[in-house]
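Only one structure is covered here, and it is reproduced in the block below.
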Protein chains: 2
Amino acid sequence: MDASLEPLKARRLALLLRERIASGEIAPGSRLASEPALALEHGVSRVTVRRALDSLAAEGLIDRRVGSGTFVREPEAPAPIVADFANMLTHLVEMGRRTGVRLISFAYAQPPETVVQALGLKPGERTQRSVRVRLIDGHPFSYLTTHVPERIGLTYSEADLASVPLLTLLERSGTVVERANQTISATLASPDVAEALGLEIGSPLLSLTRIVFGPDGRGVEHLHALYRPDRYAFQLELERAGNASERRWSPAPARGTGS
Amino acid sequence: MDASLEPLKARRLALLLRERIASGEIAPGSRLASEPALALEHGVSRVTVRRALDSLAAEGLIDRRVGSGTFVREPEAPAPIVADFANMLTHLVEMGRRTGVRLISFAYAQPPETVVQALGLKPGERTQRSVRVRLIDGHPFSYLTTHVPERIGLTYSEADLASVPLLTLLERSGTVVERANQTISATLASPDVAEALGLEIGSPLLSLTRIVFGPDGRGVEHLHALYRPDRYAFQLELERAGNASERRWSPAPARGTGS
DNA sequence: GTCAGTTGTTCTATACGCTAGACAACTAAC
DNA sequence: GTTAGTTGTCTAGCGTATAGAACAACTGAC
């Protein structure tokens with residue numbers, strides 16, 4: 001399946017509209033601008049607009065009615081997962097949603113330079129690299145790449161990794177985990193990630209990099225996670241704190257997730 | 001400037017290589033596969049490979065040397081800004097980097113449906129909508145769209161907004177700010193945002209939505225921020241906490257920003 | 001110097017993304 | 001019914017991305 005072939009302008013327009021629909025900027029049930037109007041607005045031909053709408057229709061996002069217009073379909077919404085800053089998903093289980101993991105690859109090899117630096121490895125030291133895809137109710141939502149120093153990785157098996165959280169495996173094997181540094185950013189889906197997450201190449205992704213350290217300050221785990229933003233987002237409750245001269249935000253316990 | 005025109009296959013290949021370089025999979029200083037080799041490997045013509053490399057070279061990511069090959073350039077890194085979760089930028093000032101703001105638009109109008117719901121506005125209630133671009137050392141890095149209920153917006157002027165942080169304006173005018181809900185996600189750059197931030201259409205962006213509430217639980221400010229991921233990222237230090245039966249991460253005071 | 005391998009340049013020919021326009025079929029409002 | 005506006009379908013043609021190939025200029029190893 002060489003699906004990834006889609007004309008350039010049509011693709012871009014489709015991505016744009018998909019975003020606007022997903023973000024609620026174009027309300028469900030409402031009518032989209034007409035095809036000629038969209039063509040004019042975006043400076044493309046109507047044929048191109050139609051190609052973009054075709055792909056949205058194929059995904060079931062819109063509903064086209066001859067004579068009356070194109071409408072945003074009500075999402076049968078597997079509502080996006082919301083996680084707090086510590087990346088806790090425990091409440092998911094309580095909410096009765098089933099999560100799963102697919103192990104994509106598992107091997108020991110030379111890690112890329114960035115990982116060597118982040119973990120403070122010795123030159124030439126090898127790592128266990130695993131790639132996993134996490135599912136929610138059967139739908140993939142995250143693409144995890146982890147690197148663990150070889151000596152630590154050997155304390156558990158490939159099968160363990162497919163069922164038990166990595167951090168649990170580490171602590172169970174006696175590795176002491178003390179602190180971590182976490183960075184959040186954004187990227188585009190590369191071909192392999194796109195396929196694993198069921199996305200088009202070039203779709204936006206939330207990116208999280210977490211470097212976990214042991215008590216001696218040496219790196220224990222390097223985690224790189226890519227999330228589908230339509231199925232996963234970080235949420236945080238903030239409280240206004242500080243005295244009058246220096247007001248600031250500070251994290252607060254979560255309230256209701258809001259509908 | 002219709003820069004955003006880039007061929008399909010070339011674009012995809014460029015995207016792929018850019019990712020591999022950024023992730024360190026192809027180490028800085030090392031040689032890339034030769035153009036004929038890349039062409040063969042990816043099943044495209046050499047012309048296409050060259051177009052992809054052209055765009056990488058234009059970004060300064062690679063260095064082409066006739067007769068010897070193409071090399072990954074050491075990043076001269078205009079180091080990305082790092083902010084913690086409360087979105088504090090105060091340390092930036094200490095670091096001697098100058099920030100600025102450009103006011104793009106300012107008007108009172110009917111807000112979109114999502115804002116109405118988020119702030120709990122009455123139907124028909126108007127808001128002050130402002131769009132600002134924030135700069136670091138003269139380079140744009142974020143695109144801010146804020147909505148404030150009209151009655152509150154009237155307590156300050158357009159000029160105020162271009163120089164004083166919005167939250168300060170609110171509190172100065174007697175509005176009490178208590179808590180906020182913050183969501184982080186990812187999107188693509190639409191044409192207007194792309195131009196304002198100096199990006200191509202379809203570039204990935206970090207997205208932050210913050211809804212600020214007053215003591216009565218009514219919405220006071222709706223903020224939507226889009227960040228260039230190459231110039232801005234969220235960073236958080238975590239500590240391993242909790243007892244043996246339920247270990248978890250909790251936020252910790254920041255250490256050195258790392259290099 | 002020689003030689004294999006590299007990037008730079010130019011050419012031709014094909015494939016196809018994209019535009020522009022016209023017309024049909026349908027819908028909803030009047 | 002009439003009419004304006006919508007999506008569906010088709011055609012013709014332009015511009016350009018892509019493939020393929022040849023040659024020049026340059027580099028580094030030997």
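Here is how names work: the chains are called A, B, and so on, in the same order as the sequence lines, proteins then strands, and each is numbered from 1.
Residues satisfying the salt bridge (charged side-chain N to carboxylate O under 4.0 Å, His left out) test with A:Glu158, not counting sequence neighbours, are none. For B:Leu188, the side-chain contact (heavy atoms from CB on, under 4.5 Å) criterion is met by A:Leu15, A:Leu188, A:Pro204, not counting sequence neighbours. Residues satisfying the side-chain contact (heavy atoms from CB on, under 4.5 Å) test with A:Ala196, not counting sequence neighbours, are A:Val133, A:Tyr143. The side-chain contact (heavy atoms from CB on, under 4.5 Å) test applied to A:Ala33 returns A:Ala37, A:Leu38, not counting sequence neighbours. For B:His147, the side-chain hydrogen bond (donor to acceptor under 3.5 Å, both in side chains) partners are B:Thr127, not counting sequence neighbours.
Taking atom CD1 of B:Ile62 as the reference point, atom C1' of C:dT7 lies 11 Å away to the nearest angstrom. In this structure, A:Leu53 places its CG atom 13 Å from C1' of D:dT6, rounding to the nearest Å. Note: CZ (B:Arg51) to C1' (C:dG8) measures 15 Å, nearest angstrom. Following rounding to the nearest Å, A:Leu8 (CG) and C:dT19 (P) show an atom-to-atom distance of 11 Å. Here C:dA25 presents its P atom at 19 Å from CZ of A:Arg64, a figure rounded to the nearest Å.
When the C1' atoms of four end pairs are superposed on the next four at each end of the helix from C:dG1-D:dC30 to C:dC30-D:dG1, using five pairs per end, the two resulting axes differ in direction by 40°, to 10°.
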Query raised in the report: What's the verdict on ring-ring contact (aromatic ring centres under 6.0 Å, His included) for B:Phe234 and B:Tyr227, showing C-alpha distance, side-chain angles and the deciding distance?
Result: CA-CA 10 Å; B:Phe234 293 109; B:Tyr227 298 100; 5.8 Å; yes
Requested in this report: Produce a footprint string for nucleotides 1-6 of chain C: one letter per nucleotide, 5' end first; B if the base is under 4.0 Å from any protein heavy atom, S if only the sugar-phosphate is, - if neither.
Outcome: ----BB
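The salt bridge (charged side-chain N to carboxylate O under 4.0 Å, His left out) contacts involving residues 115-127 of chain B comprise B:Glu125-B:Arg151, B:Arg126-B:Glu150, where partners must be two or more places apart or lie in separate chains. Applying the side-chain hydrogen bond (donor to acceptor under 3.5 Å, both in side chains) definition to pairs two or more places apart or across chains, those involving residues 35-48 of chain B are B:Glu35-B:Arg46, B:Glu35-B:Arg50, B:Glu35-B:Arg64, B:Ser45-B:Thr48.
Ion pairing between B:Arg210 and B:Glu221 fails under the 4.0 Å rule for side-chain N and carboxylate O.
Taken residue by residue, residues 38-50 of chain B places heavy atoms nearer than 4.0 Å to DNA chain C at B:Arg46, B:Arg50.
Atom CZ of A:Arg18 sits about 5.0 Å away from atom OG of A:Ser55, to the nearest 0.5 Å. We find the CG-CD distance between A:Leu17 and A:Glu25 to be 10.0 Å, quoted to the nearest 0.5 Å. Atom-to-atom distance recorded for B:Leu13:CG and B:Arg11:CZ is 12.5 Å, nearest 0.5 angstrom.
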Please tabulate, one pair per line, each protein N/O and nucleotide N/O from nucleotides 12-15 of chain D that are separated by under 3.5 Å, including the distance.
none

Would you give me the side-chain donor-acceptor pairs under 3.5 Å for residues 100-118 of chain B, sequence neighbours excluded?
from	atom 1	to	atom 2	distance (Å)
B:Tyr108	OH	B:Gln128	NE2	3.1
B:Tyr108	OH	B:Gly153	O	3.3
B:Gln110	NE2	B:Gly124	O	3.4

